[in-house]
Protein chains: 2
Amino acid sequence: MGDTPGLDEPTLEEQIAAYQREFQDLDPQVEKIVNALSRLNRRMNVAYGRQTAELGITNADWEVLKALVLSGAPYRMGPSDLAKRLGLTPAAMTHRIDRMVTEGLVTRERDENNRVRVIVELTPAGREKWQEAMRMATVFETDLLQDLSPEERTALGEVLTRLLRRVEDAQPDAGGRLTDLD
Amino acid sequence: MGDTPGLDEPTLEEQIAAYQREFQDLDPQVEKIVNALSRLNRRMNVAYGRQTAELGITNADWEVLKALVLSGAPYRMGPSDLAKRLGLTPAAMTHRIDRMVTEGLVTRERDENNRVRVIVELTPAGREKWQEAMRMATVFETDLLQDLSPEERTALGEVLTRLLRRVEDAQPDAGGRLTDLD
DNA sequence: TGTGTACTCTTTAGCATCGAACTTTAGGTT
DNA sequence: AACCTAAAGTTCGATGCTAAAGAGTACACA
């Protein structure tokens, strides 16, 4: 029988207490925020993964579908543009597109104007999958934020974008794998 | 020449505008929060990755060191406990421990009381690496939150733990890869 | 026209991961 | 005591990623 990893972690409070025990000069408030951000993100990814699995695709597929849809009609991009957008190597994109072509989510053809280039285009089926995934995602997201008042949402959005701006200024070239979803 | 993925994404605002263009019934405020969370987390992971690389270890190593340190003295755990804690399979732990043993970060020995079991124990060198990584991490984290007032920090920590509690109740067994750090 | 150079994508080799099969040991049941 | 079952860890095969090398095409410039 295969092992299904089942993540068995202490509560956030226990964990921060343990950090304080093992490391001096630790600001518990900072640690609480940072660790909550990490955990929240992981749980979100788990939720998205379950939803896409239900649709018969992977999170990796969904990332590509999102990039294509967000590029706007006619939903075409080159493999290396996709690779840059998703933060992975062109080599990885080649294989990912292979798979998605066989799944019928995208088509791949050479650009007749510049035969070095390849055009990856979303199929109607791929667009449909994206919409279904979006419907499920928005349900989850709405549920997640359900307990927040309008004022809290505004404040949270503002603070998070402020933090994001700060870290983006600090690392203008991200160079990170897009394991998370956006 | 190898490709260094360089993540080339639209601004958060552009992206949300594109979502609205392509998908009806979208709450921009919700989307802003969720997408900011994802992006923030990715940037944090990039920062942690650079720091651990500077110390000559990987983020994977750091995850294991953290789990061992947080377990408390004498900093011992079994491979499958570690695997559960980190959300990966025992098979992956076997190889990861192999590597870390050769790096001198941990030791592996059989439990004499129950010879099926294996004990992974942190070495002094491993503990030292953990402390250096923590020092760097706390500098980054402090800098990240620098612009937030004490009131904002309190409010942010409270809201995030509320969201976390909600999503943890919804998925009691996480079953997710611990790609993020905590 | 010919050549060099840059760019785009694919191929190859190596590594980490997962799922599943397997080995060894512990502990309960008859 | 002999067996059965469960648990811990490793091994094996497949997949997806990276880094690096390779092949094909376009464009600038002599």
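Everything numeric in this text was worked out from a predicted model, so none of it was measured. Within every chain, numbering begins at 1; the chains are lettered A, B, ... in the order of the sequence lines, protein sequences first and strands thereafter.
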Checklist entry - Under a 4.0 Å N-O cut-off, is there an ion pair linking A:Arg153 with A:Glu141? => result no
Next on the checklist: Under a 4.0 Å threshold between the charged nitrogen and the carboxylate oxygen, would B:Asp147 count as salt-bridged to A:Arg162?
Outcome noted: no
Item to check | More than 12 heavy atoms from other groups under 6.0 Å of CZ on B:Arg135 | outcome: yes
Measure from [atom1] on [X] to [atom2] on [N] and round the result to the nearest Å.
X	N	atom1	atom2	value
A:Asp98	D:dT15	CG	C1'	13 Å
B:Asp81	D:dG9	CG	C1'	12 Å
A:Asn59	C:dC18	CG	P	15 Å
B:Ile97	D:dT11	CD1	P	12 Å
A:Glu109	C:dT8	CD	P	18 Å
B:Leu86	D:dG9	CG	P	14 Å
B:His95	D:dG9	NE2	C1'	11 Å
B:Asp111	D:dA8	CG	P	12 Å

Kindly point out which of [options] is positioned nearest to the side chain of [X]?
X	options	result
A:Ala91	D:dT10, D:dC17, D:dT18	D:dT18
A:Leu88	D:dC17, C:dC18, D:dA26	D:dC17
B:Thr94	D:dG9, C:dT17, D:dA19	D:dG9
A:Asn114	C:dT8, D:dT18, D:dT25	D:dT25
B:Val116	C:dA26, C:dC7, C:dT17	C:dA26

Base, sugar-phosphate, or nothing for [X], non-hydrogen atoms under 4.0 angstrom?
X	value
A:Arg99	sugar-phosphate
B:Arg108	sugar-phosphate
B:Ala92	sugar-phosphate

Item to check | Member of B:Thr161, B:Leu145, B:Thr154 meeting the side-chain contact (heavy atoms from CB on, under 4.5 Å) criterion with A:Ile33 | outcome: B:Leu145
Checklist entry - What is the ring orientation for B:Phe23 with A:Trp130, classed by angle as parallel under 30°, tilted 30 to 60°, or perpendicular over 60°? => result perpendicular
Item to check | Plane angle bin for A:Tyr48 and A:Phe140 - parallel if under 30°, tilted between 30 and 60°, otherwise perpendicular | outcome: perpendicular
Checklist entry - Considering heavy-atom distances to DNA chain D, does B:Ser80 or A:Arg115 have its closest nucleotide positioned more toward the 5' end? => result B:Ser80
Checklist entry - Going by heavy atoms in the side chains, are B:Lys129 and B:Glu103 under 4.5 Å from each other? => result no
Item to check | Helical bend (five base pairs per end, nearest 10°) for the helix from C:dT1-D:dA30 to C:dT30-D:dA1 | outcome: 10°
